[in-house]
2 protein chains.
Amino acid sequence: MSRLDRSLIAGLPVFQGMAPEDLDRVLQQARSLRIAKDQAVFEQEGEAHSFFLLLDGHARVVKTTPDGQQVIVRYISPGELMGIAHALGRSTYPASAVAAVDCVVLAWPGHLWPELAESFPSFGTSTYKTVGARLQETQARVVELATEQVEQRVAHALLRLVKQTGKKTDEGILIDFPISRQDIAEMTGTTLHTVSRLLTAWEEKGLVKSGRQKVTVVEPHRLFVLAEGRADKS
Amino acid sequence: MSRLDRSLIAGLPVFQGMAPEDLDRVLQQARSLRIAKDQAVFEQEGEAHSFFLLLDGHARVVKTTPDGQQVIVRYISPGELMGIAHALGRSTYPASAVAAVDCVVLAWPGHLWPELAESFPSFGTSTYKTVGARLQETQARVVELATEQVEQRVAHALLRLVKQTGKKTDEGILIDFPISRQDIAEMTGTTLHTVSRLLTAWEEKGLVKSGRQKVTVVEPHRLFVLAEGRADKS
DNA sequence: GCTCGGGTTTGCGCTGGATCAAAGTGTCGA
DNA sequence: TCGACACTTTGATCCAGCGCAAACCCGAGC
């Protein structure tokens with residue numbers, strides 16, 4: 001691991017306020033893994049024997065139903081922890097994580113968790129904060145799914161992606177990893193057909209630009225208006 | 001607080017393995033409150049200045065959308081913590097909690113959290129476990145809402161209530177607090193009309209018995225079959 | 001015992017989106 | 001350069017469940 005990597009890593013919330021030598025000790029206990037696009041980081045129902053920190057790339061957390069339908073629970077960005085079931089007293093992963101692009105992760109053996117959390121409070125605290133934030137976010141999605149129309153849900157999903165991984169370009173804000181209509185459908189509980197129709201309609205209105213596995217939000221604000229209930233049908 | 005109360009309380013997961021004198025200290029820092037039916041324990045958006053332990057009764061955690069629709073996030077049973085936003089680094093409650101029946105809660109000032117979690121590991125650990133379990137459960141609901149038909153969702157919701165608060169009677173398993181069609185609709189993202197039709201249909205098939213604010217599941221197993229995908233339409 | 005109000009049932013028409021089907025179209029490997 | 005495949009668009013049809021409306025029923029309080 002290069003020195004540059006290390007300094008970047010040191011800035012992550014998980015390691016905040018940790019002395020350099022402690023950081024070294026923690027990092028030495030982790031293995032760095034390269035995950036190819038579309039490969040799984042860990043599998044639903046699998047033994048939770050590791051927890052991970054995503055260093056580079058984007059991964060999606062996916063739950064598969066008994067009859068094979070998939071639901072994308074969330075996307076993980078660089079710097080975020082994933083597969084932390086173990087830390088929450090679970091023995092098996094409740095979902096799979098799949099690399100959306102080539103990724104680099106740090107993997108710690110799960111049994112190290114209690115020790116790490118105890119020795120380095122920032123580690124525990126920041127994890128629990130993350131979990132708290134995810135719980136709230138997930139609850140918000142329940143509310144969305146329970147009360148909103150498909151159009152609003154898709155708008156919300158895009159806005160969430162924009163906020164999380166948006167990259168400014170001259171055309172607008174680009175979601176900076178390959179994402180298909182199908183993926184968006186799996187985030188919002190609809191079908192790729194409906195997503196396609198929506199994106200086409202939005203494109204005509206100048207709200208977004210999109211292409212094969214690519215979405216750019218041109219006018220976040222108007223999209224936001226759409227996402228919040230009743231927008232005029234002009 | 002009576003001696004009986006105390007011994008019951010000592011058995012709760014949160015206090016597991018805590019020495020009696022420690023338990024006393026912790027309890028002395030809490031106030032015991034009586035919440036009348038339909039009264040709020042805490043309010044969405046409100047300052048998270050306390051966290052609570054439900055001692056007796058049942059409370060529902062509710063999120064209200066900007067346009068006034070309500071979604072029931074979960075029901076809280078005796079012995080469970082609620083309003084723990086503070087412990088997860090949030091400064092404001094993301095939802096309201098309303099007493100479904102007359103309740104008794106213990107309330108600790110939020111600022112005590114770090115101290116309590118540090119002094120009594122079981123307190124912290126069990127809380128995080130709870131949060132982890134809730135996160136998973138909430139994610140499971142997202143999957144349900146995204147992939148299942150209304151009938152399956154309602155079936156799942158009832159089964160969840162049965163497992164959580166079911167009380168065996170000679171007719172079947174009774175959900176032991178008043179619950180209206182509207183409540184069930186708000187748990188499953190549908191309307192009270194649809195819930196009413198479903199319950200009537202199920203009653204005819206002998207799966208449940210229900211009345212005003214009351215539901216008894218007669219045949220949990222058949223309901224379970226319904227909840228899991230394709231049940232034969234006999 | 002009667003009335004009032006909140007909860008429930010039921011009918012009916014309508015529509016948002018799913019489903020089915022088929023025809024583009026951009027991209028990558030050979 | 002040329003497929004071939006994976007992703008996308010678009011059309012046509014259908015139906016689960018919503019919205020609206022009205023009647024009903026039960027329990028609480030007078």
Side-chain angles (χ1 to χ4, degrees), chain A residues 36-38 65 67-72 100-102 144-155 157-158 175 177-205 208-216 226 229-231 233, chain B residues 37-38 65 67-72 100-101 144-155 157-158 175 177-205 208-216 226 229-231 233:
Chain A
K37 181 177 170 174
D38 293 331
T65 64
D67 57 317
Q69 290 184 80
Q70 299 211 322
V71 175
I72 296 180
V101 295
D102 290 352
E144 275 182 31
L145 283 162
T147 62
E148 297 179 354
Q149 307 269 102
V150 170
E151 183 171 40
Q152 301 176 55
R153 300 205 304 264
V154 174
L158 284 191
I175 292 165
F177 53 81
I179 184 165
S180 69
R181 308 290 181 263
Q182 176 69 35
D183 292 332
I184 299 176
E186 287 175 3
M187 300 177 69
T188 51
T190 181
T191 61
L192 81 165
H193 306 275
T194 299
V195 172
S196 175
R197 284 180 236 268
L198 280 173
L199 288 182
T200 310
W202 290 347
E203 189 135 14
E204 276 162 11
K205 295 208 258 170
V208 304
K209 287 202 169 242
S210 72
R212 200 188 182 70
Q213 313 232 71
K214 179 162 99 51
V215 178
T216 305
L226 246 189
R230 203 102 329 272
K233 297 290 183 187
Chain B
K37 180 179 169 174
D38 293 331
T65 64
D67 58 318
Q69 291 185 78
Q70 300 212 319
V71 175
I72 297 181
V101 295
E144 274 181 31
L145 283 162
T147 63
E148 296 179 354
Q149 307 270 99
V150 170
E151 184 172 38
Q152 301 175 55
R153 301 206 302 265
V154 174
L158 284 191
I175 292 165
F177 53 82
I179 184 165
S180 70
R181 307 291 182 264
Q182 177 69 35
D183 292 332
I184 298 175
E186 288 175 3
M187 299 178 67
T188 50
T190 181
T191 62
L192 80 165
H193 306 275
T194 298
V195 172
S196 175
R197 283 179 238 267
L198 282 173
L199 287 182
T200 310
W202 290 347
E203 188 135 15
E204 277 162 10
K205 296 208 257 168
V208 304
K209 288 205 167 236
S210 74
R212 202 189 181 69
Q213 313 231 69
K214 178 163 101 49
V215 178
T216 305
L226 246 189
R230 202 103 330 270
K233 298 288 183 186

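The figures here come from the full heavy-atom set of this structure, side chains too, leaving out hydrogens, waters and symmetry mates. Residue numbers begin at 1 in each chain, while the letters A, B, ... track the order of the sequences. From a predicted model like this one, the values you see are computed outputs, not experimental measurements.
- From B:H193, atom NE2 reaches atom CD of B:Q182 across 8.5 Å, with rounding to the nearest 0.5 Å.
- Straight-line distance from the CD atom of A:E148 to the P atom of C:dG17: 11 Å, rounded to whole Å.
- Rounded to whole Å, atom P of D:dC18 lies 11 Å from atom CD of A:Q149.
- The CZ atom of A:R153 sits 9.0 Å away from atom OG1 of A:T147, with the distance rounded to the nearest 0.5 Å.
- For a distance-only test at 3.5 Å, the side chain of A:R197 qualifies as a donor-acceptor partner of the base of D:dG11.
- For the atom pair CD (B:Q69) and CD (B:E186), the distance works out to 9.0 Å, reported to the nearest 0.5 Å.
- Of the residues in residues 181-189 of chain B, those with a non-hydrogen atom less than 4.0 angstrom from any atom of DNA chain C are B:R181.
- Rounded to the nearest 0.5 Å, atoms CZ (B:R181) and CG (B:L199) are 5.0 Å apart.
- With B:S180 as the fixed residue, the side chain to side chain contact (heavy atoms under 4.5 Å, CB included) test singles out one of B:Q213, B:K214, B:R212: B:Q213.
- When all heavy atoms are compared, the tightest approach of B:L145 to B:T188 is CD2-O, 3.7 Å.
- For the pair A:S196 and D:dT8, the criterion of a side-chain N or O lying under 4.0 Å from OP1 or OP2 is not met.
- Look at CZ on A:R153: it is 14 Å from P on C:dG16, rounded to the nearest Å.
- Between A:S180 and the phosphate of D:dC7, there is no side-chain N or O to OP1/OP2 separation shorter than 4.0 Å.
- The side chain of A:T191 contributes no N or O atom lying less than 4.0 Å from OP1 or OP2 of C:dG17.
- Formation of a donor-acceptor pair under 3.5 Å by the A:D102 side chain with backbone atoms of A:K37 is found in this model.
- If you take CG of B:D67 and P of D:dG19, they are 11 Å apart, rounded to a whole angstrom.
- A close approach under 4.0 Å does not occur between any side-chain nitrogen or oxygen of B:T194 and OP1 or OP2 of D:dG17.
- Checking the phosphate oxygens (OP1, OP2) of C:dT10, a side-chain nitrogen or oxygen of B:T200 falls inside 4.0 Å.
- Taking OG1 from B:T216 and CD from B:E203, the interatomic distance works out to 9.0 Å, rounded to the nearest 0.5 Å.
- Separating the CD atom of B:Q213 from the C1' atom of C:dG6 is a distance of 8 Å, rounded to the nearest angstrom.
- B:S196 contributes no side-chain N or O that, together with a main-chain N or O of B:L192, makes up a donor-acceptor pair within less than 3.5 Å.
- Between the C1' atom of D:dT9 and the CG atom of A:L199 lies a distance of 11 Å, rounded to the nearest Å.
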Nucleotide by nucleotide, nucleotides 22-30 of chain C touches protein heavy atoms under 4.0 Å in the pattern (B base, S sugar-phosphate only, - none) ----BS---
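- Residue B:E151 contributes atom CD, which lies 13 Å from atom P of D:dC18 at whole-angstrom precision.
- The interatomic distance linking B:K37 (NZ) with D:dA28 (C1') rounds to 12 Å, in whole Å.
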